Amino acid sequence: MESKDKQKKLDERYLRMARIWAENSYCERRKVGALVVKDKMIISDGYNGTPSGFENICEDDAGVTKPYVLHAEANAITKLARSSNNSDGSTIYITASPCIECAKLIIQSGIKRVVYGEHYRLSDGIDLLRRAGIEVVYLEA
């Protein structure tokens with residue numbers, strides 16, 4: 001029982017850190033942060049935003065998110081691809097539940113747990129993760 005309680009406390013801490021990381025996002029509509037943790041070490045991080053080298057403006061003049069904006073999870077996972085780390089068996093902490101596109105990236109990257117703090121309007125990403133046997137944990141703020 002104690003280890004379950006200890007894991008919940010760790011999950012809450014890492015999710016708080018992901019929320020702080022989300023503050024780096026230049027997006028106006030929604031700021032999302034993600035941390036990938038393996039063996040109690042943060043091995044990658046990300047927040048939603050435009051690709052490297054693009055202007056830091058996520059929405060067009062009508063307030064619609066530009067189609068090339070990357071989600072926080074995609075940024076964290078692709079950052080791992082450029083490092084010497086790998087995400088096999090890791091946990092990703094995300095401030096909002098993943099969309100289906102990010103869920104596919106999570107599955108393919110070998111992440112085994114997803115902890116998130118806010119429901120996205122669609123649940124198809126979460127449904128896909130569960131179907132893939134990935135542990136999904138929702139932690140209310």
Side-chain angles (χ1 to χ4, degrees), residues 1-60 62-141:
M1 186 65 179
E2 187 183 315
S3 66
K4 233 184 166 178
D5 202 44
K6 197 174 183 180
Q7 183 62 57
K8 186 170 193 270
K9 284 194 184 326
L10 274 174
D11 287 346
E12 288 168 345
R13 284 187 192 121
Y14 285 124
L15 194 55
R16 271 200 313 273
M17 291 168 77
R19 285 190 182 103
I20 290 166
W21 202 244
E23 294 172 16
N24 287 315
S25 173
Y26 287 90
C27 296
E28 300 291 330
R29 288 181 65 210
R30 168 179 266 178
K31 296 179 185 299
V32 179
L35 294 178
V36 181
V37 176
K38 186 174 180 177
D39 302 323
K40 295 184 182 171
M41 287 188 309
I42 297 169
I43 60 168
S44 192
D45 55 65
Y47 50 85
N48 56 327
T50 56
S52 300
F54 282 65
E55 75 293 341
N56 287 320
I57 300 166
C58 298
E59 294 85 13
D60 62 20
V64 176
T65 301
K66 293 177 180 174
Y68 52 87
V69 167
L70 288 151
H71 289 186
E73 309 93 308
N75 268 326
I77 290 167
T78 54
K79 190 185 254 188
L80 268 171
R82 296 177 71 170
S83 77
S84 58
N85 280 314
N86 75 68
S87 47
D88 278 340
S90 64
T91 299
I92 189 166
Y93 294 89
I94 321 163
T95 57
S97 60
C99 70
I100 196 153
E101 293 301 319
C102 287
K104 290 189 279 187
L105 291 175
I106 290 166
I107 293 164
Q108 289 299 94
S109 67
I111 292 169
K112 292 298 170 214
R113 284 182 83 235
V114 174
V115 179
Y116 70 97
E118 184 183 307
H119 293 293
Y120 179 62
R121 60 186 167 81
L122 302 172
S123 65
D124 52 357
I126 293 296
D127 298 340
L128 188 66
L129 291 171
R130 288 197 173 114
R131 186 172 160 203
I134 292 172
E135 182 186 348
V136 177
V137 179
Y138 168 62
L139 284 181
E140 287 187 79

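The shown structure was predicted, so the numbers you read here are calculated from the model rather than taken from an experiment.
Between the side chains of Y47 and N75, no donor-acceptor pair is found at a separation under 3.5 Å. Checking N24 against K31 by side-chain atom types alone, no donor-acceptor pair falls below 3.5 Å.
Side chains of H71 and C99 form a contact here, defined as non-hydrogen atoms less than 4.5 Å apart. Y116 has its side chain within reach of I126: a pair of non-hydrogen atoms, C-beta onward, lies under 4.5 Å apart. Inter-residue side-chain proximity for V114 and I94 is flagged as met; some heavy-atom pair is nearer than 4.5 Å. E12 has its side chain within reach of L139: a pair of non-hydrogen atoms, C-beta onward, lies under 4.5 Å apart.
Evaluation of the side chain to side chain contact (heavy atoms under 4.5 Å, CB included) rule for F54 yields T50, P51, Y68 as partners, not counting sequence neighbours. Here I42 pairs with Y14, M17, L35, V37 under the side chain to side chain contact (heavy atoms under 4.5 Å, CB included) rule; sequence neighbours left out. For E28, the side chain to side chain contact (heavy atoms under 4.5 Å, CB included) partners are E59, not counting sequence neighbours.
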CA sep, side-chain torsions, deciding dist, call: I107, L128, side-chain contact (heavy atoms from CB on, under 4.5 Å): CA-CA 9 Å; I107 293 164; L128 188 66; 3.8 Å; yes

Go through the steps for E140 and H119 under the test side-chain contact (heavy atoms from CB on, under 4.5 Å), then give the verdict. CA-CA 9 Å; E140 287 187 79; H119 293 293; over 6 Å; no

Does the side-chain contact (heavy atoms from CB on, under 4.5 Å) test come out yes or no for T95 and E118, once each step is laid out? CA-CA 6 Å; T95 57; E118 184 183 307; 5.6 Å; no

Begin with the C-alpha distance, continue with both residues' side-chain angles, and end with the deciding distance and a verdict on side-chain contact (heavy atoms from CB on, under 4.5 Å) for R113 and Y93. CA-CA 9 Å; R113 284 182 83 235; Y93 294 89; 3.8 Å; yes

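Interatomic distance, CZ of R82 versus OG of S52, reported as 6.5 Å (0.5 Å rounding). Interatomic distance, L105 CG to I77 CD1, rounded to the nearest 0.5 Å: 5.0 Å. Considering OG of S3 and NZ of K8, their distance stands at 14.0 Å, rounded to 0.5 Å. How far CG of D39 is from CD1 of I43: 8.5 Å, rounded to the nearest 0.5 Å. The line from OG1 of T91 to CG of D11 is 7.0 Å long, rounded to the nearest 0.5 Å. Annotation: the span from K79 atom NZ to L70 atom CG amounts to 12.0 Å, rounded to 0.5 Å.
When all heavy atoms of A74 and C102 are compared, the closest pair comes out as N-SG, 4.2 Å. Considering every non-hydrogen atom in both I106 and S109, the closest pair reads O-OG, 2.9 Å. Taking all atoms of both residues into account, the shortest heavy-atom contact from G49 to C58 is CA-SG, 3.9 Å. Closest non-hydrogen pair, L129 versus A103, comes out as CD2-O, 3.7 Å. Nearest heavy-atom pair, R30 versus A96, reported as atom, atom and distance to 0.1 Å: NH1-CB, 4.3 Å.
At distances below 3.5 Å, not a single donor-acceptor pair connects side-chain atoms of N48 with backbone N or O atoms of G33. K38 places a side-chain N or O within 3.5 Å of a backbone atom of N86 that can act as its donor or acceptor partner.
Checked for salt-bridge contact, E101 and K104 meet the test: a charged N lies under 4.0 Å from a carboxylate O. The residues K66 and E55 are annotated as salt-bridged, a charged nitrogen and a carboxylate oxygen being separated by less than 4.0 angstrom.
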